[in-house]
Amino acid sequence: MNTHVAATDADFEEYRSRMFGIAYRMLGSAAEAEDTVQDAYLRWVSADRADIRQPGAWLAKVVTNLCLNHLTSARVRREEYVGPWLPEPVLTGDGTLGPLESAEQRDSVSMALLVLLEQLTPVERAVYVLREAFAYGHREIAELLDLGEANCRQLYRRAAARVAAERAATEERRFEPDPERWQSLVETFLSAARGGDLERLEGLLTADVRYVSDGGGVVGAALRPILGRDKVARFSIGVLAKFAGGLPVTVAEVNGTPALLFGEAAVLLVEFENGLVSGINTVVNPEKLAFLRRQLSHS
């Protein structure tokens with residue numbers, strides 16, 4: 001006797017968070033991830049759900065393939081994007097991107113990794129995300145992507161090797177301070193930058209520090225990464241003077257790491273190596289802050 005129960009909308013809602021998490025890691029855009037989940041729902045509504053025996057696998061396959069189709073056109077848009085491209089920042093303290101309890105889980109949504117994943121082919125990115133962030137087995141990934149299991153293993157090895165190679169130069173110097181230490185380091189940085197103390201600020205930066213600002217041509221921002229201690233120090237002083245005009249500064253968990261929110265106008269993420277600032281990523285493109293603003297309004 002067939003005891004299979006047809007899938008329901010409750011099944012879709014059960015996997016909504018996972019679908020969003022897959023799509024965001026694949027696309028680097030919360031808005032596009034939401035659109036992808038909505039497209040998946042339209043396919044869900046029109047499908048013969050009596051035939052869907054594993055809703056989670058069915059939905060993961062739909063979302064992943066929608067993302068693969070989207071990434072083809074996204075590459076063209078990235079090439080036309082004005083200035084550096086950074087992923088859309090997402091508040092993650094509320095579990096929006098799933099559990100981020102381990103360093104590996106937090107890394108799966110970090111700005112640094114999402115930027116690196118842009119260098120992979122769409123299929124490599126899919127295999128890497130499904131394996132690393134969601135612990136899918138190679139056989140499961142092969143079924144989701146309609147590929148051979150051996151091919152999936154090869155794609156994963158190639159993707160993981162490319163990511164590892166990009167990180168090799170800084171891996172030994174990576175530094176993830178605890179929240180109190182992070183707060184202290186950032187407050188010192190902010191104090192020096194806001195006070196215009198160039199010498200003190202330079203002493204807080206690594207020699208090869210990198211400042212990336214994403215304005216998307218919508219608002220004023222550096223059109224190329226700022227490189228080196230002296231240039232980044234001077235640029236930071238100018239930026240902080242701009243943001244110091246009455247905007248409240250708060251700390252929130254963004255993409256798995258503490259970040260500074262300047263009202264709803266900017267998100268600033270600071271990376272450290274051996275206790276010094278090694279990287280600053282700032283998102284000021286208002287279009288990229290729309291999802292985060294919505295999160296803040298609900299908090």
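All residue numbers in this chain count up from 1 along the given sequence.
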Report yes if the side chains of [X] and [Y] come closer than 4.5 Å at any heavy-atom pair, otherwise no.
X      : Y      : result
Asn281 : Leu268 : no
Leu227 : Val232 : no
Arg194 : Val249 : yes
Pro55  : Tyr15  : yes
Met19  : Ile22  : no
Arg210 : Ile280 : no

- Item | Qualifying side chain to side chain donor-acceptor pair (under 3.5 Å) pairs with a residue from residues 247-266, counting only residues at least two apart or across chains | Tyr24-Asn255, Thr92-Glu253

Looking at [X] and [Y], does any basic side-chain N land under 4.0 Å from a carboxylate oxygen?
X      : Y      : answer
Glu149 : Arg139 : yes
Glu34  : Arg294 : yes
Arg234 : Asp230 : yes
Lys61  : Asp146 : yes

All pairs passing ring pair (Phe, Tyr, Trp, His ring centres under 6.0 Å) where [range] contributes a residue, at least two apart:
range            : value
residues 201-223 : Tyr211-Phe235
residues 185-205 : none
residues 122-160 : His138-Tyr156
residues 86-119  : none

- Item | Exceeds 12 heavy-atom contacts within 6.0 angstrom, atom CD of Glu13 |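 Yes, the 6.0 Å shell around CD holds more than 12 heavy atoms from other groups.
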
- Query: Is it true that atom CZ of Arg293 has more than 12 heavy atoms of other residues, nucleotides or ligands lying nearer than 6.0 Å?
  - Reply: yes

- Task: Step by step, work out the ring-ring contact (aromatic ring centres under 6.0 Å, His included) result for Phe291 and Phe20.
- Result: CA-CA 13 Å; Phe291 185 83; Phe20 180 80; 5.6 Å; yes

- Contacts of type side chain to side chain contact (heavy atoms under 4.5 Å, CB included), residue Asp48, not counting sequence neighbours: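 So Asp48 forms a side chain to side chain contact (heavy atoms under 4.5 Å, CB included) with Ala50, Asp51.
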
- Pairing residues for Cys152 by the side chain to side chain contact (heavy atoms under 4.5 Å, CB included) criterion, not counting sequence neighbours: Ile141, Ala142, Leu147

Looking at every non-hydrogen atom in both residues, tell me the closest pair between [X] and [Y] and how far apart they are.
X      : Y      : result
Ala40  : Val63  : CB-CG2, 3.8 Å
Val284 : Gly220 : CG2-O, 4.3 Å
Val209 : Gly279 : CG2-N, 4.0 Å
Leu100 : Gln105 : CD2-O, 3.2 Å

- Message: Before you tell me yes or no, could you show the steps for Phe272 and Val186 under side chain to side chain contact (heavy atoms under 4.5 Å, CB included), namely the whole-Å CA-CA distance, both residues' side-chain angles and the distance that decides it to 0.1 Å?
- Response: CA-CA 10 Å; Phe272 294 98; Val186 169; 3.9 Å; yes

- Message: Do Phe12 and Leu42 sit in one hydrophobic cluster, given that two such residues count as connected whenever their side-chain heavy atoms are within less than 4.5 Å of each other, even indirectly?
- Response: no

- dist Leu66:CG -> Met26:CE (nearest 0.5 Å) comes out at 10.0 Å

- From Arg25 atom CZ to Leu130 atom CG, the distance as rounded to the nearest 0.5 Å: 10.5 Å

- Item | Whichever hydrophobic residues join Val212 through chains of side-chain contacts under 4.5 Å |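 Leu86, Leu91, Met111, Val115, Val254, Leu261, Val267, Leu269, Val283, Leu289, Leu292, Leu296, listed by chain and number.
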
- Is Val82 isolated, or which residues cluster with it under the ILVMFWY side-chain rule of less than 4.5 Å, directly or via members? Leu223

Would you confirm whether [X], through its side chain, and [Y], through its main-chain N or O, come within 3.5 Å as a donor-acceptor pair?
X      : Y      : answer
Asp11  : Thr8   : yes
Ser110 : Arg106 : no
Arg162 : Gln119 : yes
Glu32  : Ser29  : no
Arg125 : Leu120 : no

- Item | Candidate pair Leu117 and Val129, rule side chain to side chain contact (heavy atoms under 4.5 Å, CB included), full reasoning | CA-CA 9 Å; Leu117 294 184; Val129 165; 4.1 Å; yes

- Query: With sequence neighbours excluded, what pairs up with Trp44 under the side-chain hydrogen bond (donor to acceptor under 3.5 Å, both in side chains) test?
  - Reply: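 Result, side-chain hydrogen bond (donor to acceptor under 3.5 Å, both in side chains) vs Trp44: Asp9.
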
- Using salt bridge (charged side-chain N to carboxylate O under 4.0 Å, His left out) as the criterion, list what pairs up with Glu187, not counting sequence neighbours.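 Expected list: none.
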
- Message: Which residues pass the salt bridge (charged side-chain N to carboxylate O under 4.0 Å, His left out) test with Arg158, not counting sequence neighbours?
- Response: Glu124

- Message: Within the 3.5 Å criterion, strictly below it, is a donor on Thr206 or Glu273 matched to an acceptor on the partner's side chain?
- Response: no

- Task: May I ask you to check whether Glu132 and Ser108 show a side-chain donor-acceptor distance below 3.5 Å?
- Result: no

- Task: Using the side chain to side chain contact (heavy atoms under 4.5 Å, CB included) rule, take Ser278 and Asp208 through it: C-alpha gap first, then chi angles, then the decisive distance, then the call.
- Result: CA-CA 7 Å; Ser278 61; Asp208 57 353; 5.5 Å; no

